[in-house]
Each structure stands twice: as structure tokens, then as C-alpha cells.
Number of protein chains: 2
Amino acid sequence: MVTISDVADHAGVSASTVSYVLSGKRSISESTAERVRGSIAELGYRPNARAVALASRRANAIALVAPLRADNNVPVIMQFVAAAAMAARARNHDVLLVTQEEGVAGLERVSGSSLVDAVIVMDVEIADRRIPMLTTLEIPAVMIGHPGHSQGISTIDLDMAGAAELAVQHLAELGHRSIAMLGSPSAVYERKSSYAIRFREGFERARTEFAVEGHWYPVEPSYQSTREVLQAHLAQHPETTGLVVHNESILGEVLAELADEGFRVPEDVSLVALCPPDLAVNQRVALTSIAVPTADIGAAAVDMVLGLVDGTAHAESRLITPVLTIRSSTAGPRPAVQPLDDETRTP
Amino acid sequence: MVTISDVADHAGVSASTVSYVLSGKRSISESTAERVRGSIAELGYRPNARAVALASRRANAIALVAPLRADNNVPVIMQFVAAAAMAARARNHDVLLVTQEEGVAGLERVSGSSLVDAVIVMDVEIADRRIPMLTTLEIPAVMIGHPGHSQGISTIDLDMAGAAELAVQHLAELGHRSIAMLGSPSAVYERKSSYAIRFREGFERARTEFAVEGHWYPVEPSYQSTREVLQAHLAQHPETTGLVVHNESILGEVLAELADEGFRVPEDVSLVALCPPDLAVNQRVALTSIAVPTADIGAAAVDMVLGLVDGTAHAESRLITPVLTIRSSTAGPRPAVQPLDDETRTP
DNA sequence: TTGAAAGCGTTACCAC
DNA sequence: GTGGTAACGCTTTCAA
């Protein structure tokens with residue numbers, strides 16, 4: 001292994017000088033800098049990350065606590081992870097993956113052993129047991145999600161409540177008066193994942209706000225569950241013409257089932273989804289949808305937490321405004337059977 | 001921060017003694033060991049991972065190069081990552097996530113800077129440009145996948161060719177004589193991802209081996225593509241009664257499309273999928289399927305590479321035997337129009 | 001069974 | 001503008 005002293009010797013300077021030309025933390029004459037760079041290239045010197053971390057008190061790494069469970073939103077999780085990893089690399093940091101299962105202990109471990117400089121926690125629950133512990137950590141943290149009480153820990157997420165309201169608003173403005181929300185699997189609500197709870201709350205609030213009839217259901221990621229929920233609801237509420245789907249993995253099933261039952265989209269039923277754009281576009285009908293801006297959120301989480309690390313930022317809670325993209329799955333409800341009534345009344 | 005010397009002072013021993021009670025690398029009298037453990041607990045001492053890494057020449061971390069792109073098999077990728085992370089933790093190692101985009105440079109970086117002790121590379125291509133570089137690394141590597149030439153680098157994967165053959169064999173033995181394979185998106189074949197190429201090769205070999213007619217098609221992850229490919233094939237080959245699907249994201253669409261066209265599964269068409277079991281089970285028909293044993297492969301990859309790190313193992317290539325689980329999507333083809341012919345022949 | 005001390009490869013402070 | 005040299009917090013050899 002080539003060390004900094006090897007480079008120093010080769011360039012005829014001291015080790016500290018080599019360190020300084022690398023870090024730029026003090027001015028070096030162009031001539032020696034050039035010489036040092038030459039030696040570095042010639043010898044193929046690579047700074048030893050372990051020694052750098054120990055001496056500089058910076059690991060140049062952040063921990064990412066990710067829910068790697070089988071879930072309905074795996075692609076979204078993956079996009080968060082990818083975005084965070086890329087953003088971290090762009091700022092010269094690496095990402096240490098910590099599984100959700102490690103829980104509180106995992107956070108204690110990576111922080112207590114100074115493995116990383118900061119931590120990003122995904123899939124936060126409304127009353128997440130990790131939050132109190134995050135406040136005691138010596139390293140900064142940011143959560144992707146929006147718990148009930150962030151207790152001074154930075155958070156960032158899509159405004160899920162706003163997203164649900166936006167979906168309902170869109171349908172309501174088109175004239176739909178009865179709307180059903182097909183939600184995430186029940187386990188997601190049971191563990192009170194903030195993204196799902198917030199979306200549901202937004203849906204319920206929007207119901208009042210826009211004076212529409214509204215019902216919501218958890219849906220398991222299966223054809224069976226999708227079919228049952230949809231059939232049961234439509235049997236009880238045949239007046240329903242609007243659907244809000246917050247469950248990526250059943251989109252195809254919902255559309256198939258609607259087709260099976262003779263409902264056309266958007267002529268008979270309008271549908272708004274919360275899902276990645278590519279999923280929305282690749283269905284039998286291009287779906288009007290709200291996207292989770294995973295790339296933005298992942299990158300912002302990294303920026304926020306590194307800002308805390310170097311002291312250039314303070315804790316904050318960011319909520320990203322949802323954007324609805326209108327495609328082909330939403331339209332005004334058809335004018336009911338009015339024309340016929342008119343005719344029978346004519347004579 | 002509590003250091004090892006703090007503990008040593010508190011326990012009235014030397015730092016080396018503390019180190020040895022922690023590592024167990026030399027015998028310590030039970031009395032002092034007890035005293036040291038007490039001090040550790042009392043002071044809340046956590047060894048500094050950076051210092052440990054530097055002094056012991058072990059980072060206790062492995063790099064995992066994962067394709068975090070949007071792809072058709074995101075859930076499988078995620079399961080590999082989760083399995084590797086858990087296996088690593090079980091062996092007291094952490095996982096550093098390296099994105100596929102970092103490519104060769106990423107491997108050079110984490111290895112050259114001694115960030116990690118070993119590397120696991122996923123989604124290997126047939127002639128992967130990273131292989132020659134892996135051979136030059138100072139740290140061991142294993143690839144998840146099965147390239148054309150592993151050049152002495154350990155590999156592990158499901159026997160994808162065998163999986164395809166198994167699928168065809170199952171259909172052939174049921175009596176199907178014309179089989180279509182709906183494969184991964186074309187981009188996967190273009191970049192020559194080993195898993196897809198191997199599966200296709202196995203399919204083509206099985207065609208001959210079991211003397212069946214066989215055609216394969218790449219399918220994009222969309223309703224549109226699924227529909228087009230299926231309709232085009234069935235129009236040209238109405239005799240097809242067997243389907244092999246190597247593309248998780250279109251399973252629902254395939255079944256929906258078959259239903260739309262009036263084909264019953266398995267009465268008219270039998271279908272074998274290569275996909276996670278939960279996906280197979282949650283379709284409108286429970287699918288006969290071959291699973292990728294992600295947990296086994298991920299754990300084995302970690303075991304193999306850590307075995308190389310501590311010198312207790314040698315490079316090897318492992319291929320895991322595929323297992324087919326019969327569910328409700330496969331049956332013998334219906335007896336064609338034979339009965340009618342018999343009757344016309346009777347008189 | 002235990003202690004002292006020399007590294008591990010950098011960084012950054014203190015001199016000049 | 002540059003060099004010397006303590007740290008950084010631990011592991012491990014050498015001695016006792």
C-alpha cells in the first residue's frame with residue numbers, strides 16, 4: 001500500500017504538505033503542488049479512508065435506515081435509496097445500509113461506534129419509537145416521513161395529506177360526488193406508517209372540504225383483495241364515480257376489475273393514483289397521478305443532514321407540495337340518465 | 001466520548017487488557033474480566049469503529065454494488081440487498097451501498113481507499129467490464145450472477161438456464177407442444193444481463209431437448225407491450241398452449257389479457273412464471289412458479305466473500321438448483337378437437 | 001496473567 | 001510557503 005509518506009518522499013516534501021495539497025486547506029506554491037500531484041499519480045496513491053476518518057473525525061459516510069421488507073411500495077423505497085446514494089456520492093459521502101429490523105439498536109450501534117457522520121431514517125411511523133433516541137444521538141439525523149412529533153429532528157416528505165386533498169379536489173371539481181379510496185395493505189395502517197396515515201387523513205379532510213361522499217379501504221396486494229374490496233364497495237355505493245388509489249401494486253388489478261365489471265375509465269369511473277410516473281403511464285389507461293418526488297426527497301434528505309453535520313443548517317421540517325399530472329383516467333362523470341327522464345317527461 | 005483508556009483507568013488495568021477482554025484473543029483472569037466488563041457497562045463504552053478499522057486492518061464492512069435502476073425486477077433486487085445486509089450483520093459486518101452507476105470507478109474507490117474488506121457485485125453481465133478489474137483488487141469479491149468468464153472470481157446464482165429448462169420440461173411433460181416465453185424488457189437483453197441471457201439460453205436448449213415448438217419475446221413492463229406481444233404471437237401460433245414468463249411486472253397483465261381473449265388458465269393455456277412466491281400466489285390464478293432463492297443467495301454471497309477475507313475458503317462458482325412449485329396455472333392441454341373427429345369417423 | 005509501547009495512516013496545530 | 005510532530009483510538013508485539 002502506498003502511504004502519504006511514500007508520496008512525500010517521492011516528491012521531496014513532508015507528509016503534511018501532501019495532505020494540504022490534497023485538502024487545499026492551506027496555500028501551496030504551484031510548483032510543489034504540481035510535483036506532489038505528479039508523485040500521487042505516479043505512485044497511484046489513494047488516501048486510506050480509515051486513517052482519514054480517524055484523524056479527521058469524519059467518516060464521510062451516512063447511515064440510511066431503509067425498510068427492505070416486502071411491501072407494496074418497494075419501487076418507491078428503492079428510488080429513495082438510489083437518490084440518497086447518488087446525492088451522497090455527489091457530496092463525497094458513502095452510504096451505509098442499515099435495515100429497519102435493526103431498529104433502535106442499529107441506530108445506537110452506527111452512531112455510538114462513530115461509524116457514520118449522520119443518519120437518514122426512512123418509513124417513519126406516526127409515533128416512531130426511534131425518534132426519542134434520535135434526539136440523544138451525537139450525530140445529526142433526518143427522517144423521510146412526517147411523524148406526529150418530530151421532537152426537533154429534521155423531516156422531509158411529500159405532503160401526503162395535501163396529495164390526498166389534491167386528488168379529491170381534482171375529482172370533485174370534475175363533478176364527482178362519491179369517491180372511494182383504495183389504500184395500502186392493512187399492515188401499513190396498523191403500524192401507522194406516516195405516509196399512509198397522512199394520506200388517509202388528507203382524504204378524510206377533503207371529504208368534508210369538498211363536500212363529497214367518501215369511503216376508504218385498505219387493500220392487500222392481491223387480485224383477490226382488490227376484487228373483493230372493489231365489488232363490495234360498488235355494490236353498496238353504485239353512485240361512486242371517483243377512485244383514489246394509494247397502492248402501487250394493485251393498479252393493474254383495479255383497472256382489470258373495472259373492465260371486467262363493465263366500467264369504462266374514465267367514462268364511467270375516474271381514477272387518480274399516487275404512484276411513480278412510469279407505472280401510471282404503463283397501464284391500459286394512462287393514469288392521472290400524483291408522483292412521489294423520490295429523487296428530490298432523497299437528495300434533499302442528504303443535503304439537510306450534511307448541512308447539519310457541517311453546521312451550515314438547522315433542523316427543519318420540509319413538506320413538498322404535491323403535483324397532479326392529468327392523463328387519461330379522469331373526466332367528468334357521465335350525465336347520468338337525465339336525457340331519458342327528459343324525454344319521458346316531454347309529451 | 002469514552003475511550004478504551006477511560007475504561008482501563010476505571011477498571012485499574014491497561015488498555016491492552018481491555019482490548020483483550022473484548023476480543024477474547026488472550027486469556028484473562030475471570031476477576032479482571034468481570035471488572036472490565038463492569039467498567040464498560042458503567043461508562044457506556046463503545047469501541048470506535050474508525051480506530052478499530054485502522055489498527056486491525058479490518059473495516060468489518062463489505063461493499064454491495066447494486067443496480068438501483070428502475071427495472072422489472074426491483075423486488076428481487078431488494079430482496080438480495082436485504083438478505084445480504086442481514087447476513088452481513090449476522091457476521092458482524094456492515095454493508096456499504098455502491099450504485100451500479102459508479103461502475104468500475106466505484107469498485108476502485110472503495111477498494112483502493114480500504115473502505116471495505118470485500119465486495120459483492122450484483123447484476124453481472126455476460127462479458128462484464130468489471131470482472132477484469134475485480135481480479136486486480138486487493139480485496140476479495142463475489143458476483144451474484146453467472147458471467148461468461150468469471151476469471152477466478154467467485155460467483156453464485158440460481159441456475160437460470162436450468163430454471164428455464166425446468167419450466168419447459170414441466171409444460172412438455174404435461175403435453176404442451178408449443179410454448180412461448182415472455183421475457184424481460186429488451187434493454188435487459190441488450191446489456192446482456194447474465195440472468196436473462198442464461199434463462200433465454202436454457203429456454204432455447206429446452207426447446208430441442210423436449211422437442212417442443214418455442215418462441216421467445218422481450219416484453220416491456222407495460223400493458224401495451226404485453227398485449228401486443230401476446231396477441232401477435234397467438235395470432236401467428238394459435239397452437240400455443242404453454243407460456244413461460246420471466247418478467248415479474250407483467251404477470252397481472254398477461255393473465256388479464258388471456259382472460260380478455262377468452263383463454264382460461266390452465267384449461268386453455270398453462271403458465272409457468274419465474275418470480276417471487278408471493279407474487280405467484282396473489283394473481284387471479286395461483287401461478288406455478290420457480291422462485292429465485294434470494295435469501296439463500298444473498299446469505300451465501302456474504303458467507304463466500306467473508307470466507308475469502310479470512311482465508312477459510314477459496315474461489316468457487318455455485319449454481320443453485322431451481323425448484324418448481326406447482327400451483328393452479330398449469331395442467332395438460334385440453335384434448336383438442338379429437339372427440340369430434342372420432343365421432344365423424346364412427347359411422 | 002498482565003502492562004508498556006510501537007504502530008496503523010492521516011490530519012492539523014505549532015513552528016519557522 | 002513548508003516541515004515537524006502530536007494527536008486520533010485502537011490492536012498487537014514484546015517483555016515481564
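Numbers restart at 1 for each chain; the letters A, B, ... are given by sequence-line order, proteins then strands. We use all heavy atoms of the structure for the numbers below, so side chains are in, but hydrogens, waters and symmetry mates are not.
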Check nucleotides 13-16 of chain C for protein N or O atoms closer than 3.5 Å to its own N or O atoms and list the pairs.
| from | atom 1 | to | atom 2 | distance (Å) |
| --- | --- | --- | --- | --- |
| C:dC13 | N4 | A:Y20 | OH | 2.8 |

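Per the geometry, CG belonging to B:L22 stands 15 Å off C1' belonging to D:dT12, to the nearest Å. One atom, CD1 of B:I4, and another, C1' of D:dT12, lie 11 Å apart when rounded to the nearest Å. One can place CZ of B:R58 at 10 Å from P of D:dT12, the figure rounded to the nearest angstrom. To the nearest angstrom, P of D:dG1 lies 14 Å from CZ of A:R35. Straight-line distance from the CE atom of A:M1 to the C1' atom of C:dT10: 11 Å, rounded to whole Å. Here C:dT2 presents its P atom at 10 Å from CD of B:E30, a figure rounded to the nearest Å. Between the CG atom of A:N60 and the C1' atom of C:dT11 there is a distance of 13 Å, given to the nearest Å.
For the 3.5 Å distance criterion, the side chains of A:T155 and A:S317 qualify, holding a donor opposite an acceptor. Side-chain atoms of A:R69 and B:Q79 form no donor-acceptor pair, as typed in the model, at a separation below 3.5 Å.
Residue B:T3 places no side-chain N or O under 4.0 Å from the OP1 or OP2 atom of D:dG9. Applying the 4.0 Å criterion to OP1 and OP2 of C:dG7, one finds that B:R57 has every side-chain N and O outside that range. Listed pair B:K25 / D:dT12 meets the phosphate criterion, a side-chain N or O lying under 4.0 Å from OP1 or OP2.
The nucleotide whose nearest atom lies closest to any side-chain atom of B:A55 is, among C:dT2, D:dC10, C:dG3, D:dC10. Of the candidate nucleotides C:dT1, D:dT11, D:dC8, C:dT1 has the atom lying nearest to any side-chain atom of B:S29. Closest to the side chain of B:N48, from the set D:dG9, D:dT12, C:dT11, is D:dG9. When distances run from any side-chain atom of B:L54 to the nucleotides C:dT1, C:dG3, C:dC8, the shortest one goes to C:dC8. Listed nucleotides D:dC10, D:dT2, C:dT11 differ in distance to A:T32; the shortest reach to its side chain belongs to D:dT2. When distances run from any side-chain atom of A:S56 to the nucleotides D:dG1, D:dC10, C:dT11, the shortest one goes to C:dT11.
Each of B:A51 and B:S27 was assigned the nucleotide of DNA chain C with the nearest heavy atom; the assignment lying further toward the 5' end belongs to B:S27.
Contact check for A:I320 versus A:I156: side-chain heavy atoms found under the 4.5 Å cut-off. A heavy-atom distance below 4.5 Å is not found between the side chains of A:L319 and A:L158.
Minimum heavy-atom separation, B:M143 to B:P147: CE-CG, 3.8 Å.
Environment of CE in A:M86: sparse, with no more than 12 heavy atoms of neighbouring residues, nucleotides or ligands closer than 6.0 Å.
Under 4.0 Å is where a charged nitrogen must lie from a carboxylate oxygen, and between B:R191 and B:D71 at least one such pair does.
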